[in-house]
Protein chains: 2
Amino acid sequence: MAPQTSETLTAERILEATEEVLRRHGPAKATVVDVARALGVSHGSVYRHFRTKAALREAVTKRWLDLTSQTLSGITADEGRAPEARLRDWLTALFEAKRRKAGDDPELFATYMVLTADSGTAVGEHLADLTGQLTSIIEAGVASGAFATADPAASARAVFHATGRFHDPGYSEVWERPGIEDDFTAVVDLLLHGLRPQRPS
Amino acid sequence: MAPQTSETLTAERILEATEEVLRRHGPAKATVVDVARALGVSHGSVYRHFRTKAALREAVTKRWLDLTSQTLSGITADEGRAPEARLRDWLTALFEAKRRKAGDDPELFATYMVLTADSGTAVGEHLADLTGQLTSIIEAGVASGAFATADPAASARAVFHATGRFHDPGYSEVWERPGIEDDFTAVVDLLLHGLRPQRPS
DNA sequence: CGAATGACAGATTTCAATATCTGTCAGCTG
DNA sequence: CAGCTGACAGATATTGAAATCTGTCATTCG
């Protein structure tokens, strides 16, 4: 039952084992002892790499959140494409990524909802990263004349807040409802229209 | 301890007592027996007016939700004013009403969050009522040329969804954060801009 | 000597026995 | 006799004792 490998015990291996234990047991019943058992070591060894259980949970959470950030950063960085198209694709990709995570493995998604709820700084940093990406797309749009705003960062926050229903985990149960695609499109259309200059000169 | 009055037992009196019991005990510990005790009757009498505890809870919830709807309907019905101003005021009033409820009595607000979470149709009807009011304001705007949209009801839903962060109870803890007013204004500005005709002819 | 162990104290969780609650209904009461 | 009561069965919640977990650290191991 204890898949003892002879590799050295690294933070990375502990995170992998933690993820697996969380997947199997859920957030309420996953213990540090379980993680240590999965690795074939004593739980004291785990505490050598992570000062507390909370720190271990936060590290796993950060890892999970970074997956999404990295996917989106591809769109953000693609500076050849028109900012309007990039903004729409970015928001769509965010929605789709979240929806897929929630739909494909609801229990794991619920697990991460619990983890993010009491994660210290990881979620805040994740949100800052995402709004930063949005800001960069909007700035490109302002530079090209596609968008008009006095404060790209504020507009980025507004766009992010306004699309919360389509990426905030708290709404995950509505993501399966019929018509959600239309709702998403309606909001994005309205926001893109709102970002356009008043009268294209 | 039992404030026995000689008035007849009506649904309305039961609802008042229920509200009071909920305020004192919270949603988890408020029982039908408590409500009956507060009224000085047996719990069997309460079941004469409400078939189940769930029905009683839903009736109290509906009562509470209707307060907000009625406040806003005043703005909706004020057809003398410009649709743009009405729309902004309506959204502001919704935000302020929710924020005041949450801020003034956090425990009662938390109680109603629990009640609404497992309310059958009451919440759905409330949301339909609110989006209906929004639709009516937007239709007035389309008629006056202030707004342009092919489908006012769809735009109303989009506006409602996009402002969820400022009225959805799930976000109540962010309503006290500094800067929330600016966030609200930024989103509303963007939406109002988005509703305006592309080129005023 | 650095990494890992396992016993330990205090905090948290589990579990089963006990108490309370929900919803019904036959009978009481004014 | 319309409205209310209170006993009841099954479901749910509370409680406190026992088990487990978290985080530490003196000791062991390679």
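Residue numbering restarts at 1 for every chain, and letters A, B, ... go by the order of the sequence lines.
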| task | Let me know the distance between CD1 of A:Ile14 and P of C:dA4, rounded to the nearest Å. | result | 9 Å
| Of A:Asp34 and A:Arg51, whose closest DNA chain D nucleotide lies nearer the 5' terminus? | A:Asp34
| query | Would you say the side chain of B:His43 and the base of C:dG23 hold a donor-acceptor pair, judged only by whether the two atoms sit under 3.5 Å apart? | reply | yes
| Among pairs that include at least one residue of residues 101-120 of chain A, which meet salt bridge (charged side-chain N to carboxylate O under 4.0 Å, His left out), considering only residues two or more places apart or in two chains? | A:Arg23-A:Asp105
| task | Using atom NZ of B:Lys53 as one end and atom C1' of C:dT20 as the other, report the distance to the nearest whole Å. | result | 11 Å
| Which pair of heavy atoms, one from A:Ala93 and one from A:Ile75, lies closest together, and at what distance? | CB-CD1, 3.6 Å
| What nucleotide among D:dT5, C:dT22, C:dT5 has an atom nearest to a side-chain atom of B:Val41? | D:dT5
| said: Need one value for A:Ser45: base, sugar-phosphate or nothing, where a base atom within 4.0 Å counts as base even if backbone is also close, heavy atoms only. | reply: base
| Axis bend over the full length of the helix from C:dC1-D:dG30 to C:dG30-D:dC1, computed from five pairs that close each end, to 10 degrees | 10°
| query | In terms of ring plane angle, is the pair B:Trp64 and B:Tyr112 parallel, tilted or perpendicular, where the classes change at 30° and 60°? | reply | parallel
| task | Would you please classify the geometry between the A:Phe160 ring and the A:His167 ring as parallel, tilted or perpendicular, with 30° and 60° separating the classes? | result | parallel
| query | Between NE2 of B:His161 and CG of A:Leu190, what distance do you get to the nearest 0.5 Å? | reply | 12.5 Å
| said: Apply side chain to side chain contact (heavy atoms under 4.5 Å, CB included) to residues A:Phe184 and A:Ile180 and explain how you reach the verdict. | reply: CA-CA 6 Å; A:Phe184 174 76; A:Ile180 187 74; 5.6 Å; no
| Would you say the side chain of A:Arg48 and the base of C:dA4 hold a donor-acceptor pair, judged only by whether the two atoms sit under 3.5 Å apart? | yes
| message | Tell me the interatomic distance from A:Leu56, atom CG, to D:dG23, atom P, rounded to whole angstroms. | response | 10 Å
| query | Rounded to whole angstroms, how far apart are CZ on A:Phe50 and P on C:dA4? | reply | 13 Å
| field | Spacing of B:His25 atom NE2 relative to C:dT20 atom P, expressed in whole Å | value | 14 Å
| query | Where the side chain of B:Val33 is concerned, which of C:dA4, D:dG23, C:dC21 is the nearest nucleotide? | reply | C:dC21
| When B:Val32 is tested against each of B:Thr18, B:Val46, B:Ile14 for side-chain contact (heavy atoms from CB on, under 4.5 Å), which residue passes? | B:Val46
| query | Between A:Ala28 and A:His49, which has a closest nucleotide on DNA chain C that is more 5'? | reply | A:His49
| Once you round it to whole Å, what is the distance between C1' of D:dC8 and OH of B:Tyr47? | 14 Å
| note | Between NZ of A:Lys29 and P of C:dC15 the distance, given in whole Å, is 7 Å
